[in-house]
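The next block holds one structure in the form of structure tokens; read it before the comments.
The structure presented is a predicted model; accordingly, all values stated were derived computationally and were not measured. In what follows, chains carry the letters A, B, and so on, assigned in the order in which the sequence lines appear, proteins first and then strands, with residues in each chain numbered from 1.
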Amino acid sequence: MRMSKLFVQTLREFPSDAEVISHKLLVRAGYIRKLTNGVYNYLPLMWRVLKKIENIVREEMDASGAQELLMPFVQPSELWLESGRWEVYGKELMRLKDRHNREMCLGPTHEEVITSIGREGIRSYKQLPVNLYQIQSKFRDEIRPRFGLLRGREFIMKDAYSFDADEQGLDKSYEIMAKAYTRIFERCGLETKMVQSDSGAIGGSVSHEFMVLVNEDAENNAGENDVFYCTKCGYSANSNHAVSILNEVETDGHFDCAKIVDTPNTHSIEELSEFLKIPSSVICKCLIYVIDGKYVAALIRGDRTIEETKLMNAFQGNDIRIARNDEIEEIMNISGFNAVAGFIGPKGLKGVEIIADETVKDLKNFVIGINQNDKHFVGANWGIDVELPQKIEDIRLVEENDKCVDCNAPLKVTKGIEVGNIFKLGTKYSKAMNATFADKDGQEKPFIMGCYGIGISRTAAAAVERHHDEFGIKWPLAIAPYTVIVVPVSDQDETQMRVAEEIYNKLLEAKVEVILDDRQERAGVKLKDADLIGIPYRITVGKTIKDNLVEFKERATNNMVTITPDEAVSRILAL
RNA sequence: CGGGAUGUAGCGCAGCUUGGUAGCGCACCUCGCUUGGGACGAGGGGGUCGCAGGUUCAAAUCCUGUCAUCCCGACCA
């Protein structure tokens, strides 16, 4: 490709609306351009990168035995009504009506469609297992798209779905996908960690996420997930799913009697603990949540934080948020109190389900809200002063240096970008949508399903997050838009131009993806652009060409060597 | 949907307080000069100042509304 003809506009400055480095660099280097909020044009360089990633994904998926197909982007509401997700999915599902007023939606994922394909096409256990996948744009009307390609509303995704006759088959399909995913990201030049995860809105039981860890860069807030991992045994999990053994802390308040005391203006645990001169771990915190429209009071030890996904799952909920002040007021009215947040306690609450984290069980002589403003109950004990809730579960957020449940070593935390996700769905969709096959005994049974996603466009952005420097992108070779760029320093110099053309033509003939920077620009512009767009190798033809020498630069390391043009060509051919 | 901010040329911004009919840098076009890390000179093109009302002789500027975008929380590939 001749640079003078390549459709790319690099910018001298970073775009003002970009926050994370992948977004800034992809815009500045001319890879993407925003069309509207969370929706981007993939310009020619970007499209080449995406196709590279797609091809790696295709090769590995095909090698795993999966078959590619393509499902419609627009889907009828009927299928979603069957699965029950028309109501459940919420506003992320982009709904629309056709001219006949029939309700449709833009596909955010394709469980419903694939299940309909499975139930029509798979009649017998003899056809199983089957794994079908597609690579396609998805649309999710995200509440807040941000970070460029890392969280768009429209994005490119590979989604695969497996059908098996039994759980053992699913385990096998799942394992095959886990291995394929590991290879895919490796080939893309991305180190990933496979971590346990909550299965979220897709449903099902077991789930793992493939995370690109980005904690090395302190400035980087692109990693939206906290990943807890054990340095010793390899346990790792998303914070929404992680479990731990807690370190020993003081759980006895050592109050010599149980009584209500004045605690003015202590709205937070910190204020209360400071006021009473006690550790926060002897306070029982009570938070009011709204889960699917129902009130829940969650109790947890004062030094710990509620993990909202775990709390929501404890009630099989779909939606969770902390209660607003007016909602707390309503609860207080029903219960005959008038306390505000900070002084709420479980005793006497009406119209509220109460759940406790395991951490509160062992509290003795502790401090707890008593639904009176500016007062707390100190020296409380379960069963005497306050009833211990029936429902006790792990609803807490893991913290760094908690102990690993598998090996008791301390856990660490890091930020991760989720580039892939695999789920064991089980029969969630096959049962709801009556998708069955005839098993060996002739009985109709629902498919045991799994689903497996890779964010193609997000993977590209994650690669930029991990591979860049102050000058620009450093694409891993396997997903770079071009392999090499040939830069004649001066377009005035006939020898330089001639040699550059010769190198270019040799590489072209050898089917190498090569750019010749034939623009009438000064050297600085061409060299800066080469660094910015991040082509893995650069062959610079400058003055030393009189000694038959060119400069060969590797972008990943910025290492340069001076060699002959022929040697430069052979080095590229040897890649 | 809450909290904060911003909309002026393709990009980055100034002008707004104190109304007088739009400017700078980059990019773009022409010519000259220049060619190892985003040169220089001269000339040129491009903007209904987000949109709609209002106030005024006069609005980018003041007022009201509205839309969009960005940042902080609930979503997830």
Pairs under 3.5 Å (N/O, protein and nucleotides 44-46 of chain B):
none

Carboxylate-amine/guanidinium proximity below 4.0 Å for Asp159(A) and Lys138(A): yes

Base C11(B) to side chain Arg28(A), donor-acceptor N/O within 3.5 Å cut-off: no

Phosphate contact (A27(B) OP1 or OP2) by Arg12(A) side-chain N/O below 4.0 Å: yes

Pair Asp17(A) + Lys34(A): basic N to acidic O under 4.0 Å: yes

Touch class at under 4.0 angstrom, heavy-atom based, for Leu532(A) against every strand present: base

Touch class at under 4.0 angstrom, heavy-atom based, for Asp531(A) against every strand present: base

Sugar-phosphate only, base, or nothing, as touched by Arg321(A) at under 4.0 Å among non-hydrogen atoms: nothing

Nucleic acid contacts - residues 34-50 of chain A versus RNA chain B, non-hydrogen atoms under 4.0 Å: Lys34(A), Thr36(A), Asn37(A)

Ile454(A) vs Ile320(A), nearer the 5' end of RNA chain B by closest nucleotide: Ile320(A)

Distance test, side-chain N/O of Arg146(A) to OP1/OP2 of G73(B), below 4.0 Å: yes

Nucleotide nearest Phe147(A) (side chain, heavy atoms from C-beta), chosen from A27(B), C72(B), G12(B): C72(B)

Glu327(A) CD to G2(B) P, straight-line distance once rounded to whole Å: 14 Å

Touch class at under 4.0 angstrom, heavy-atom based, for Asp529(A) against every strand present: base

Base partner of A68(B), which must satisfy Watson-Crick or wobble distances under 3.5 Å: U6(B)

Side-chain N or O of Ser457(A) closer than 4.0 Å to phosphate OP1/OP2 of A77(B): no

Extract from the structure each pairing of a protein N or O with an N or O of nucleotides 31-36 of chain B at less than 3.5 Å, listing the distance.
residue	atom	partner	partner atom	Å
U34(B)	O2'	Arg522(A)	NH1	3.0
U34(B)	O2	Arg522(A)	NH1	3.1
U35(B)	O2'	Ser490(A)	OG	3.1
U35(B)	O2	Glu521(A)	O	3.1
U35(B)	N3	Asp491(A)	OD2	3.3
U35(B)	O4	Asp491(A)	OD1	3.3
U35(B)	O4	Gln492(A)	NE2	2.2
G36(B)	OP2	Lys543(A)	NZ	3.4
G36(B)	O6	Gly542(A)	N	3.3
G36(B)	N1	Glu551(A)	OE1	3.3
G36(B)	N2	Glu551(A)	OE1	2.3
G36(B)	N2	Glu551(A)	OE2	3.1

Spacing between Leu287(A) atom CG and G73(B) atom P, to the nearest angstrom: 18 Å

Touch class at under 4.0 angstrom, heavy-atom based, for Phe471(A) against every strand present: nothing

Donor-acceptor pair under 3.5 Å, Arg151(A) side chain vs C75(B) base: yes

